[in-house]
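In what follows, a single structure is set out as structure tokens and then discussed.
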Amino acid sequence: MRLEPVAFRVDGDLVQGDLYRPEGESRPPVVIMGHGFGAERRFRLPAFAERLCAAGLAVLLFDYRGFGDSEGTPRGLVDPWRHLADFAAAVRYAQGLKGVDGARAVLWGTSFSGGHALVTAARLPGIAAVVAQVPHVDGLASAFRYPLRLLPGATWLALRDLAAAALGREPVRVPIVGRTGVRCLAAPDCYEGYLRLIPPGPVWQETVPARILLAILAYRPVRVVRRIQAPVLIIAAEQDSLIPLTATRKTAARIARYQLEILPVGHFDLYEGPWFERSIALQIAFLRQHLGLAG
């Protein structure tokens, strides 16, 4: 495996990434990989990229604008539509790389970016396959999982942040996770589960502009997945505290060519240990089947 730093521009901002190239493969398929809610590419995703690369795929792993070492302001802005623009730009960049087969482009997402992978596949032609791990499929359905006692404070902070943005002021921020108070991911397993993803290293973006607490309601990939022509693997968590399994089943049933795997785990259990091994094995088998990779 060879690891190369890469970069491309989106609306003038430089987006940073890593390109994993498998040794001995002249024109491998290329996987475009982005992380979930408020996360950086270094948060456990290299483990997935390395295993996919070992299976014979190139992988472009990138940070959204405003995260990690990518440019973009405000920092930490979780905006599904801006993320989708970054994903589309990453696809165009990856398909134009020398030494990869751009006609076999794979979209890969987990949690929030699982939704991005689905929406991008619905929007862009020429996608060969999609892997969506515990994907965000319906912001409205997920909103019913948010603690009722936190809703008034969350709404107030989101409205204040929207007003600040309209006036050109600094964002009003909320934590991504926390033990108490208004935070973005508020299910009981989110605090410990999210922190397990973060490796030692630079300070990470712990807070994000609060507007996402309202904007996420309108982000509903379930509404567009009928347009996906590529085969799709969805790996769902039976005990998911953030994404209702009923919503995931409904989304999968609207996709013409789908494989739905439901594992007896929680939302954060697929990033390490035996359930990581199970998830990545399912992904490799799926991609081998649909991309013509050697076993």
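Not measured: the values here are computed from a predicted model. The first residue in the sequence is number 1, and the count goes up from there.
With hydrogens and angles left out, the side-chain atoms of Tyr271 and Ser279 include no donor and acceptor closer than 3.5 Å. Remark: the Trp108 side chain and the Gln133 side chain contain no N/O donor-acceptor pair separated by less than 3.5 Å.
With a 6.0 Å radius and a threshold of 12 heavy atoms from other residues, nucleotides or ligands, Arg278 has its CZ atom at or below the threshold. Within a 6.0 Å radius of CD in Glu23, other residues, nucleotides and ligands contribute more than 12 heavy atoms. The number of heavy atoms from other shown groups lying within 6.0 Å of CH2 (Trp81) is above 12. In the displayed structure, Arg169 atom CZ is contacted under 6.0 Å by at most 12 heavy atoms of other residues, nucleotides or ligands. Within a 6.0 Å sphere centred on CD of Glu272, heavy atoms belonging to other residues, nucleotides or ligands number more than 12. No more than 12 heavy atoms of other residues, nucleotides or ligands shown are found within 6.0 angstrom of CG on Leu148.
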Q) What do the steps show when you test His136 against Ser111 for side-chain hydrogen bond (donor to acceptor under 3.5 Å, both in side chains), and what is the final call? A) CA-CA 5 Å; His136 171 94; Ser111 191; over 6 Å; no
Practice item. Test ring pair (Phe, Tyr, Trp, His ring centres under 6.0 Å) on Tyr194 and Trp204 and set out the steps. Key: CA-CA 12 Å; Tyr194 197 95; Trp204 63 287; 5.8 Å; yes
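Remark: Leu57 CG to Tyr20 OH distance equals 14.0 Å, nearest 0.5 Å. From Arg104, atom CZ reaches atom CZ of Arg27 across 8.0 Å, with rounding to the nearest 0.5 Å. Considering CZ of Arg123 and CD1 of Ile228, their distance stands at 12.0 Å, rounded to 0.5 Å. Atom-to-atom distance recorded for Leu287:CG and Leu52:CG is 6.5 Å, nearest 0.5 angstrom. Leu293 CG to Arg288 CZ: the interatomic distance, rounded to the nearest 0.5 Å, is 7.0 Å. For the atom pair Asp86 CG and Asp79 CG, the distance stands at 9.5 Å (nearest 0.5 Å).
In this structure, Gln16 and Ala7 approach most closely via the heavy-atom pair OE1-CB, 3.7 Å. Residues Val134 and Ala236 come closest through the heavy atom pair CG1-C, 4.3 Å. Here the closest non-hydrogen pair linking Ala210 and Leu157 is CB-O, 3.5 Å. The minimum heavy-atom distance linking Ile127 with Ala121 is given by the pair CG1-CA, 4.3 Å. Across all non-hydrogen atoms, the minimal contact from Leu77 to Phe67 is O-CE1, 3.4 Å. Taking each heavy atom of Ala128 and Ala103 in turn, the nearest pair found is CB-O, 4.1 Å.
Clustering ILVMFWY residues whenever any of their side-chain heavy atoms sit less than 4.5 angstrom apart, transitively, puts Val130 in a cluster other than the one holding Val222. Hydrophobic clustering places Ile198 together with Leu185 (ILVMFWY residues linked when any side-chain heavy atoms are closer than 4.5 Å, directly or through intermediates).
Two residues are said to be in side-chain contact when any heavy atoms from C-beta on lie closer than 4.5 Å; Cys184 and Phe37 meet this criterion. A 4.5 Å side-chain heavy-atom check between Val265 and Leu270 finds at least one atom pair inside the cut-off. Met33 is not listed as a side-chain neighbour of Leu60, based on a closest heavy-atom distance of 4.5 Å or more. Leu214 has its side chain within reach of Leu162: a pair of non-hydrogen atoms, C-beta onward, lies under 4.5 Å apart. Counting heavy atoms from C-beta outward, Val232 and Gln259 have side chains that stay 4.5 Å or more apart. Using a 4.5 Å heavy-atom threshold, the side chains of Glu40 and His35 count as separate. Contact annotation: the side chain of Val15 approaches that of Arg65 to within less than 4.5 Å [non-hydrogen atoms, C-beta and beyond]. Using a 4.5 Å heavy-atom threshold, the side chains of Leu282 and Val131 count as separate.
Side chain of Arg21 to main chain of Leu3: no donor-acceptor pair is present (N/O by atom type, distance under 3.5 Å, no hydrogens or angles). In this structure, the side chain of Arg183 does not engage the main chain of Pro175 through any donor-acceptor pair within 3.5 Å. Looking at Ser142, its side chain does come within 3.5 Å of a backbone N or O of Leu242 through a donor-acceptor pair. One N or O on the side chain of Arg75 and one on the backbone of Gly68 form a donor-acceptor pair closer than 3.5 Å. The closest donor-acceptor contact from the side chain of Ser70 to the backbone of Gly66 lies at 3.5 Å or more, if one exists at all. A donor-acceptor pair under 3.5 Å is absent between the side-chain atoms of Asp18 and the main chain of Pro5, judged by distance alone. In this structure, the side chain of Arg145 engages the main chain of Asp240 through a donor-acceptor pair within 3.5 Å.
Centroid-to-centroid, the aromatic rings of Phe62 and Tyr64 come within less than 6.0 Å. For Phe112 and Tyr219, the distance between ring centers is under 6.0 angstrom. Ring centroid separation for the pair His83 and Phe87 does not come in under the 6.0 Å cut-off. For Phe276 and Phe48, the distance between ring centers is under 6.0 angstrom.
Only one option out of Arg249, Lys250, Arg220, Arg254 pairs with Asp138 in a salt bridge (charged side-chain N to carboxylate O under 4.0 Å, His left out); it is Arg220.
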